[in-house]
**Student:** 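Let me give you the structure first, and then I'll get to my questions.
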Amino acid sequence: MTLDVGPEDELPDWAAAKEFYQKYDPKDVIGRGVSSVVRRCVHRATGHEFAVKIMEVTAERLSPEQLEEVREATRRETHILRQVAGHPHIITLIDSYESSSFMFLVFDLMRKGELFDYLTEKVALSEKETRSIMRSLLEAVNFLHANNIVHRDLKPENILLDDNMQIRLSDFGFSCHLEPGEKLRELCGTPGYLAPEILKCSMDETHPGYGKEVDLWACGVILFTLLAGSPPFWHRRQILMLRMIMEGQYQFNSPEWDDRSNTVKDLISRLLQVDPEERLTAKQALLHPFFEPSTMHGR
Ligand code: ADP
Ligand code: MG
């Protein structure tokens, strides 16, 4: 590759960015995160559209330690994305470029956007539609767990929809490898979706830590939310919401639940189990009667 300009210290950065811009033409912003912007982009050679997640890893706003943390996290995200690409319900990483101040991750474009926005528009989903979404989600989670990967940020904002309304799981920013028996202690994720053991472990040094069961708790929160149109654990004072989570305190008492099957309520209660040992695994959840095709469940 030939490079014509650029002061020496800026060269690596400029080169990687140039490589991206030569191949892709970035367009409108379609999503934003804490340290990333996601844009639609066009592959110049073919005219095909993709999504690019551009992450800034410059020192401007960050201390050297924070910067290294962000870099390390981004490398981990890319590594895991490469490992899981190809699953029908996981986002496909097409290409990646790393420079000293930016990372570009090119993905398949999910044109229908976030499950979160779809739910907001529909208010609540039918059991039939929920079944199809949850089956795909649990298949993706089962695949991750079988590969010793825990996602740690499952929520409708990170579940994307394609043209055919099929879902793909995305945002592996908090994902990590976890060997069987290995435990984690780090407090990360999104408050409303945090499993009780994540919260307990952050408050108690003697707690043994948490494992991949946290993803199944989040699946329970998602399942509840899709059917009710509102989350199981919510209080305007966050500390009270966290207490509700730790006590597993939620109710099926809003009017939406009157018409819902006992089968789906049973599945929710087996996912929202405070004790991670008692909680269903992804494989067990997929075998729950809610997913049996032969029986009729609710609407
Ligand atoms: P963050 O780690 O900052 O949350 P995400 O990977 O979740 O970043 O991306 C932020 C948002 O960008 C998503 O919630 C979604 O709205 C949008 N987005 C991300 N990837 C895609 C994609 N492949 N296709 C369409 N939209 C996407
Ligand atoms: Mg996200």
**Student:** Side chain to side chain contact (heavy atoms under 4.5 Å, CB included) between F102 and E56: does it pass, once the steps are laid out?
**Tutor:** CA-CA 5 Å; F102 287 101; E56 202 179 338; 3.7 Å; yes
**Student:** What are the two closest heavy atoms between P191 and L242, and how far apart are they?
**Tutor:** O-CD2, 4.4 Å
**Student:** Checking N147 side chain against I149 main chain: does a donor-acceptor pair fall under 3.5 Å?
**Tutor:** no
**Student:** Under 4.5 Å between any side-chain heavy atoms of T130 and V264, yes or no?
**Tutor:**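 A side-chain contact under 4.5 Å is absent here.
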**Student:** Is F20 reachable from V38 through a run of I, L, V, M, F, W or Y residues, each pair having side-chain heavy atoms under 4.5 Å apart?
**Tutor:**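 No, because V38 and F20 fall into different hydrophobic clusters, even though each may have its own neighbours under 4.5 Å.
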**Student:** Flag the pair L187 / L194 as yes when at least one side-chain heavy-atom distance between them is below 4.5 Å, and no otherwise.
**Tutor:**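 They are in side-chain contact.
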**Student:** If you count heavy atoms of other groups shown closer than 6.0 angstrom to NZ of K283, is the number above 12?
**Tutor:**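 At most 12 heavy atoms, drawn from other residues, nucleotides or ligands, come within 6.0 Å of this atom.
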**Student:** Rounded to the nearest 0.5 Å, what separates atom CZ in R135 from atom CZ in F290?
**Tutor:**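 Taking CZ in R135 and CZ in F290, the distance rounds to 8.5 Å.
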**Student:** Treat each ILVMFWY residue as a node, draw an edge where side-chain heavy atoms are under 4.5 Å apart, and state whether L161 and F116 are in one component.
**Tutor:** no
**Student:** Looking at E72 and R75, is any side-chain nitrogen of the basic one under 4.0 Å from a carboxylate oxygen of the acidic one?
**Tutor:**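 A salt bridge is present here (some side-chain N lies under 4.0 Å from a carboxylate O).
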**Student:** Would you call the rings of H43 and Y24 parallel, tilted or perpendicular, taking 30° and 60° as the class edges?
**Tutor:**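 It falls in the tilted class, 30° to 60°.
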**Student:** For residues A51 and I30, report the shortest heavy-atom separation together with the two atoms involved.
**Tutor:**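 What the structure gives for the nearest pair is CB-CD1, 4.1 Å.
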**Student:** Minimum heavy-atom separation for Q22 and R44, please, with both atom names.
**Tutor:** O-CD, 3.1 Å
**Student:** Are any of the side-chain heavy atoms of H177 and R76 separated by less than 4.5 Å?
**Tutor:** no
**Student:** Check the angle between the aromatic planes of Y250 and F233 and answer parallel, tilted or perpendicular using the 30° and 60° thresholds.
**Tutor:** perpendicular
**Student:** Are I90 and R168 close enough, and set up right, to give a side chain to side chain contact (heavy atoms under 4.5 Å, CB included), and what steps lead you there?
**Tutor:** CA-CA 5 Å; I90 295 179; R168 282 189 190 257; 5.6 Å; no
**Student:** Would a hydrophobic clustering, with Ile, Leu, Val, Met, Phe, Trp and Tyr connected at side-chain separations under 4.5 Å, put M246 with W217?
**Tutor:** yes
**Student:** Quick check: is V52 connected to V29 through a chain of hydrophobic side chains (ILVMFWY, heavy atoms under 4.5 Å apart)?
**Tutor:** no
**Student:** If you measure from the Lys or Arg side-chain nitrogens to the Asp or Glu carboxylate oxygens, is any gap between K23 and D95 under 4.0 Å?
**Tutor:**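 Salt bridge present between K23 and D95.
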**Student:** Looking at side-chain heavy atoms only, is the closest gap between F252 and F224 below 4.5 Å?
**Tutor:** yes
**Student:** State, yes or no, whether a side-chain contact exists between L115 and Y118 at a heavy-atom distance under 4.5 Å.
**Tutor:** yes
**Student:** Would you say the side-chain atoms of K112 pair up with the backbone N or O of D163, donor to acceptor, closer than 3.5 Å?
**Tutor:** yes
**Student:** Which value, rounded to the nearest 0.5 Å, describes the distance between E77 atom CD and S96 atom OG?
**Tutor:**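 Here the interatomic distance stands at 10.5 Å.
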**Student:** With heavy-atom distances below 4.5 Å as the criterion, would you say the side chains of N158 and T190 are in contact?
**Tutor:** no
**Student:** Counting distance only, does the side-chain N/O of R279 pair as donor-acceptor with the main-chain N or O of L272 below 3.5 Å?
**Tutor:**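 No, R279 side chain to L272 backbone: no donor-acceptor pair under 3.5 Å.
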**Student:** Output yes when K53 and D171 qualify as a salt bridge under the 4.0 Å nitrogen-oxygen rule, no when they do not.
**Tutor:**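 D171 and K53: salt-bridged.
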**Student:** Give a yes or no on whether the backbone of P26 and the side-chain of R39 come within a donor-acceptor separation of less than 3.5 Å.
**Tutor:** no
**Student:** With side chain to side chain contact (heavy atoms under 4.5 Å, CB included) as the criterion, how do L227 and E256 come out once you've worked through the C-alpha distance, each side chain's angles and the decisive distance to 0.1 Å?
**Tutor:** CA-CA 8 Å; L227 292 169; E256 285 81 6; over 6 Å; no
**Student:** Looking only at heavy atoms, which two atoms of I167 and S136 are closest? And how far apart?
**Tutor:**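 Scanning both residues, the minimum pair turns out to be CG1-CB, 3.5 Å.
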**Student:** What pair of heavy atoms forms the shortest contact from L138 to A282, and how long is it?
**Tutor:** O-CB, 3.9 Å
**Student:** Out of the candidates H151, H145, R152, only one should pair with D215 under the side chain to side chain donor-acceptor pair (under 3.5 Å) rule; please name it.
**Tutor:** H145
**Student:** Within the structure provided, determine whether P196 and Y210 are in side-chain contact (heavy-atom separation under 4.5 Å).
**Tutor:**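 SC-SC contact between P196 and Y210 ruled out.
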**Student:** If hydrophobic clusters are built from ILVMFWY residues whose side chains come within less than 4.5 Å, do V42 and L105 share one?
**Tutor:**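 Result: no, two separate clusters.
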**Student:** With a 3.5 Å distance limit and no angle check, can you tell me whether R82 reaches the backbone of L93 through a side-chain donor-acceptor pair?
**Tutor:**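 Between the backbone of L93 and the side chain of R82 there is no qualifying donor-acceptor contact (under 3.5 Å).
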**Student:** Which class fits the ring pair F143 and H87: parallel under 30°, tilted 30 to 60°, perpendicular over 60°?
**Tutor:**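 Because their plane-to-plane angle lies in the 30° to 60° range, the rings of F143 and H87 count as tilted.
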**Student:** Quick check on the 6.0 Å ring-centre criterion: do F172 and F174 meet it?
**Tutor:**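 So the answer is no for these two rings.
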**Student:** Taking the side chain as every heavy atom from C-beta outward, state whether D108 and F50 have any atom pair closer than 4.5 Å.
**Tutor:**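 Yes, their side chains come closer than 4.5 Å.
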**Student:** Using side chain to side chain contact (heavy atoms under 4.5 Å, CB included), reason through M134 and L226 one step at a time and then give a plain yes or no.
**Tutor:** CA-CA 10 Å; M134 289 305 298; L226 293 181; 4.2 Å; yes
**Student:** So, Q66 side chain and S63 main chain: donor-acceptor pair closer than 3.5 Å or not?
**Tutor:**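 A pair under 3.5 Å: yes.
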**Student:** Could you tell me which non-hydrogen atom of Q273 sits nearest to which non-hydrogen atom of R270, and how far apart they are?
**Tutor:**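 Reported closest heavy-atom pair: CG-O, 3.6 Å.
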